[in-house]
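Proteins get letters first, then strands, A, B, ... in listed order; numbering begins at 1 in each.
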Amino acid sequence: MSEAKPPSKPEKTASSKTYYEKVNKESRATLVSSIPSITVGVVASILLWLFGNLIFIPIAEGIEWFGYPLPQILTFIILVGLAVFVLRILVDVRRAVDALAGLAACEIGAPSDVTPTEVDHYKTAMRGILYVIIISLAFLLFSDYLARIHPALSGVVLIAIVVWGIFEIWRAVKAVSKEIRRYSAEWAGKALKVE
Amino acid sequence: MKLSIKIALLTAILAADLTFFLFFRTYLPQQYNLVFHSLPWSDNLEKTVAVIIGLATALLTALSISNLIVKRLFKSLERG
């Protein structure tokens with residue numbers, strides 16, 4: 001049985017350089033394409049919240065549709081709309097964060113020495129932090145409407161977000177600490193070689 | 001159609017929509033109710049449909065305006 005030979009040093013350098021260029025180029029393209037849709041999504045959810053909360057729900061007070069109060073029907077419609085917009089934003093943010101992680105790996109790491117594991121660690125860390133920020137902001141949009149459906153609903157969702165947020169931050173810290181450990185091991189190795 | 005004309009048209013629709021629901025209802029409630037009284041259906045049904053259509057119109061027009069502006073902005077940034 002023939003064993004696969006490990007790539008010689010020039011071969012390894014060439015492949016890592018190709019990977020570095022690929023990650024750099026793709027990340028920039030993805031970031032540029034995802035920012036406009038994130039902006040439109042954010043504007044759309046804020047407008048929906050503003051129009052709903054300040055104009056149309058006050059207008060709907062006292063109107064009933066086949067026995068159902070219109071403010072609650074509108075609240076439900078606005079909640080569904082907000083959920084759709086927030087999900088779209090999350091999908092785009094995921095793409096943007098992956099691109100940012102690729103760029104961060106290229107900028108922070110040694111030039112032409114980026115590995116998929118390193119990119120994955122940055123992805124996990126950035127996704128975790130940005131998801132926590134976005135979900136917390138989204139909760140501010142939802143909380144009023146949730147409280148209108150049932151006063152306890154807003155509190156229950158908040159508790160769930162806090163628990164999930166702690167878990168995400170723990171994952172992000174774990175990913176970053178792995179990278180720090182890898183870098184410190186590399187630096188220690190180099191320092192020992194020099195001595 | 002030119003971008004400026006599109007934006008002006010959408011803004012006019014949004015302004016008309018918000019004027020009817022915000023300005024008329026607050027400052028001219030008699031005229032606001034007159035519109036619903038003059039239609040043959042019950043006021044509650046008319047108002048429900050009007051409010052939902054009003055919300056959808058406001059949202060769609062505002063979204064289209066922001067979409068047009070953001071896309072143009074990023075296109076010009078890419079060129080620059």
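- Separation of atoms CG (B:L59) and CZ (A:F51) is listed at 7.0 Å; rounding is to 0.5 Å.
- Using a 4.5 Å cut-off between side-chain heavy atoms of Ile, Leu, Val, Met, Phe, Trp and Tyr, with links allowed through other members, A:I133 and A:V91 fall into different hydrophobic clusters.
- Summarising the geometry, atom CD belonging to B:E46 is positioned 10.5 Å from atom CD1 belonging to A:I63; distances are rounded to the nearest 0.5 Å.
- Looking at A:L74, only its side chain comes within 4.5 Å of chain B, counting heavy atoms on both sides.
- When side chains are defined from C-beta on, A:I78 counts as touching B:L55, because their heavy atoms get closer than 4.5 Å.
- When heavy atoms are compared at a cutoff of 4.5 Å, B:V51 approaches chain A by way of both its backbone and its side chain.
- The same ILVMFWY cluster, assembled from side-chain heavy atoms under 4.5 Å apart, contains both B:F23 and A:I57.
- Other residues, nucleotides and ligands contribute at most 12 non-hydrogen atoms within 6.0 Å of the CD atom of A:Q72.
- With a threshold of 4.5 angstrom between heavy atoms, A:F85 approaches chain B through side-chain atoms but not through N, CA, C or O.
- Within the structure, the salt bridge (Lys or Arg N to Asp or Glu O under 4.0 Å) test picks out the following pairs touching residues 79-97 of chain A (sequence neighbours left out): A:D92-A:R95.
- Once rounded to the nearest 0.5 Å, the distance linking CD1 of A:I59 with CZ of B:F21 reads 6.0 Å.
- Put simply, B:L10 and A:L50 are part of the same group of oily side chains (I, L, V, M, F, W, Y) that touch within less than 4.5 Å, one to the next.
- Counting all heavy atoms, side chain and backbone alike, B:L63 lies closest to A:A44 at CD2-CB, 3.5 Å.
- If you chain together hydrophobic residues whose side chains sit under 4.5 Å apart, B:F20 and B:Y27 fall into the same group.
- Heavy atoms closer than 4.5 Å to chain A are found in the side chain of B:L18, but not in its backbone.
- Residues A:V42 and A:L48 share a single hydrophobic cluster, defined by chaining ILVMFWY side chains whose heavy atoms lie under 4.5 Å apart.
- Taken from CG in B:L14 to CG in A:L47, the straight-line distance is 8.5 Å, to the nearest 0.5 Å.
- Two residues are said to be in side-chain contact when any heavy atoms from C-beta on lie closer than 4.5 Å; B:F74 and A:V32 fail this criterion.
- Looking at A:L70, only its side chain comes within 4.5 Å of chain B, counting heavy atoms on both sides.
- Side-chain contact between B:V70 and A:V43: absent, with no pair of heavy atoms (C-beta onward) separated by less than 4.5 Å.
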